[in-house]
Amino acid sequence: MDKNLSLYKNVWVFAEQRQGKITPVVIELLGEGRKLADEIGVELCAILLGKDVKGMAEEVISYGAEKVYVADSELLENFTTDAYTKVITDAINEIKPEIMLLGATHIGRDLAPRISSRVNTGLTADCTKLEIDPEDKKIKQTRPAFGGNIMATIICPNNRPQMSTVRPGVMDKAVKDVTRKGEIISLNVRLTVADIRTKVMEVVKSKKEMISLTDANIIISGGLGLGKAEGFEMLSKLADKLGGVVGASRAAVDAGWIDHSHQVGQTGTTVKPNLYIACGISGAIQHLAGMQSSDLIIAINKNSTAPIFDVADCGIVGDIYDVIPMLTEELNNVED
Ligand code: FAD
């Protein structure tokens, strides 16, 4: 049976939270969602699930949501795919948003396809750009395709909501304003223990979560040009000095020199820091896809024709083992 598309209204953001904290991508989704909602002329709303989460709803409002639909239940204390899918699916069927945005986080990537198939709509995963078609007010969702060599723009003309997961670190963050007013609407949670096939016994924070590339203002990344795992210790010293974190190319990760959580690029994290220093990284398209919108890019490479120099604001042709110690020493002198 065809859906009556005109019944679907407003832009929704999934306000993902973990242990009582809104995840950073939600603030980016609210920033982007605001632009989309204004262009269509509709409201920006959020859906927030968990236990005792009403306080977080206020925070979501301060980032621009006009309405926050809250599902508060003991059974939603920890994320489970079954519970979250059911509650969000019920809310979509009942309230009918026209656009639904989720972060392309582990949770978002798990949840979005299930919800989209339950509500029988399309999903564009891992979007890097969203825009409203001025003609018909539908959303155009752009994402890298075929190994990042082309960008595909996808539409969802016949079903609702139009759903996208959005890569963390790509969209501009919404600006917080605590004077903003919004409506908090409690959802009627129809959930029983029998609906949830898994049981969370314990939540263990992995060491990996310690580094957050998406939130970093300064990233010093190393590639295969480092030649050995120890090269990352040198980068780490420089990162500490600058108050930054260490990133890596996939080749360095594949070499086993550093954990995948540091990987920048198409199959790693997309970053947008104030300063990105690429050390011994050639600048393959899949790496550039994850860092080229950084504010200032400095590349250090001994090959003057390396493609990384095409996106760099400042290039240093030289051996990293000469350049990095010089830089670190220079910074030490500045402090003295
Ligand atoms: P190389 O390309 O080998 O470059 C090493 C560079 O170091 C060279 O430019 C060399 O001149 C320089 N160099 C060597 N020694 C020194 C020295 N002593 N001093 C200074 N410079 C030196 N890659 C990613 O990074 N992230 C991704 O998310 C990612 N996803 C991918 C997804 C797919 C589907 C595919 C097919 C590939 C993906 N890749 C990704 C891999 C990507 O194509 C490249 O292979 C990878 O980025 C290369 O890493 P690199 O620049 O460190 O190594």
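Note that ligands are numbered from 1 as they come in the structure, with each ligand's atoms numbered from 1 the same way. Reckoned from all heavy atoms, side chains included, excluding hydrogens, waters and symmetry mates. Predicted model, so just to flag it, every value in this text is computed and none were measured.
Less than 4.0 angstrom separates some heavy atom of G265 from each of these atoms of ligand 1: 26 (N), 27 (C), 28 (O). In summary, the atoms of ligand 1 found under 4.0 Å from a heavy atom of T267, numbered by their order in the structure, are 27 (C), 28 (O), 29 (C), 30 (N), 31 (C), 32 (C). Within ligand 1, the atoms closer than 4.0 Å to a non-hydrogen atom of Q266 are 27 (C), 28 (O), numbered from 1 in the order shown. Near G268, meaning under 4.0 Å from one of its heavy atoms, ligand 1 places the atoms 28 (O). Of all atoms in ligand 1, listed by their number and element, those nearer than 4.0 Å to a heavy atom of S249 are 25 (O), 49 (O), 50 (P), 52 (O). Counting atoms of ligand 1 from 1 in the listed order, those under 4.0 Å from a heavy atom of G223 are 52 (O). Heavy-atom proximity to G280, at under 4.0 Å, picks out these atoms of ligand 1: 5 (C), 6 (C), 7 (O), 21 (N), 52 (O). Each of the atoms 19 (N), 20 (C) of ligand 1 lies under 4.0 Å from some heavy atom of G318.
Taking only nitrogen or oxygen atoms, main chain and side chain alike, L224 reaches within less than 3.5 Å of ligand 1. Between K302 and ligand 1, at least one N/O pair is under 3.5 Å apart.
The minimum heavy-atom distance linking V264 with G247 is given by the pair CG2-CA, 4.4 Å. Looking at every heavy atom in both residues, P161 comes nearest to I99 through CB-N, 4.2 Å.
When N301, I316, T270 are ranked by how near their heavy atoms come to atom 11 (O) of ligand 1, first place goes to N301. The heavy atom nearest to atom 1 (P) of ligand 1, considering only P144, S282, A299, G222, is found in S282. Here atom 43 (O) of ligand 1 lies nearest to Q286 when heavy atoms of H260, Q263, Q286 are compared.
Grouping the Ile, Leu, Val, Met, Phe, Trp and Tyr side chains by contacts below 4.5 angstrom, directly or via other members, places L7 apart from L5.
Taken to the nearest 0.5 Å, the CD1 atom of I219 stands 5.0 Å off from the CG atom of L213. In this structure, the separation between CG on L36 and CD1 on I132 is 4.5 Å, given to the nearest 0.5 Å.
Heavy atoms of V264 found under 4.0 angstrom from ligand 1 belong exclusively to the backbone. Contact annotation: for A284 versus ligand 1, heavy atoms closer than 4.0 Å belong to the side chain alone.
Between Y276 and the choices S293, S221, S294, the side chain to side chain donor-acceptor pair (under 3.5 Å) rule is met once, by S221.
L30 is not listed as a side-chain neighbour of K176, based on a closest heavy-atom distance of 4.5 Å or more.
Residue contacts with ligand 1 leave out G227, since none of its heavy atoms falls under 4.0 Å from the ligand.
In this view, T198 satisfies the side chain to side chain donor-acceptor pair (under 3.5 Å) rule with no residue, not counting sequence neighbours. Taking I218 as the reference, I220, L242, L275 meet the side chain to side chain contact (heavy atoms under 4.5 Å, CB included) condition, with sequence neighbours excluded.
Using a 4.0 Å cut-off between charged nitrogen and carboxylate oxygen, R197 and D82 count as a salt-bridge pair.
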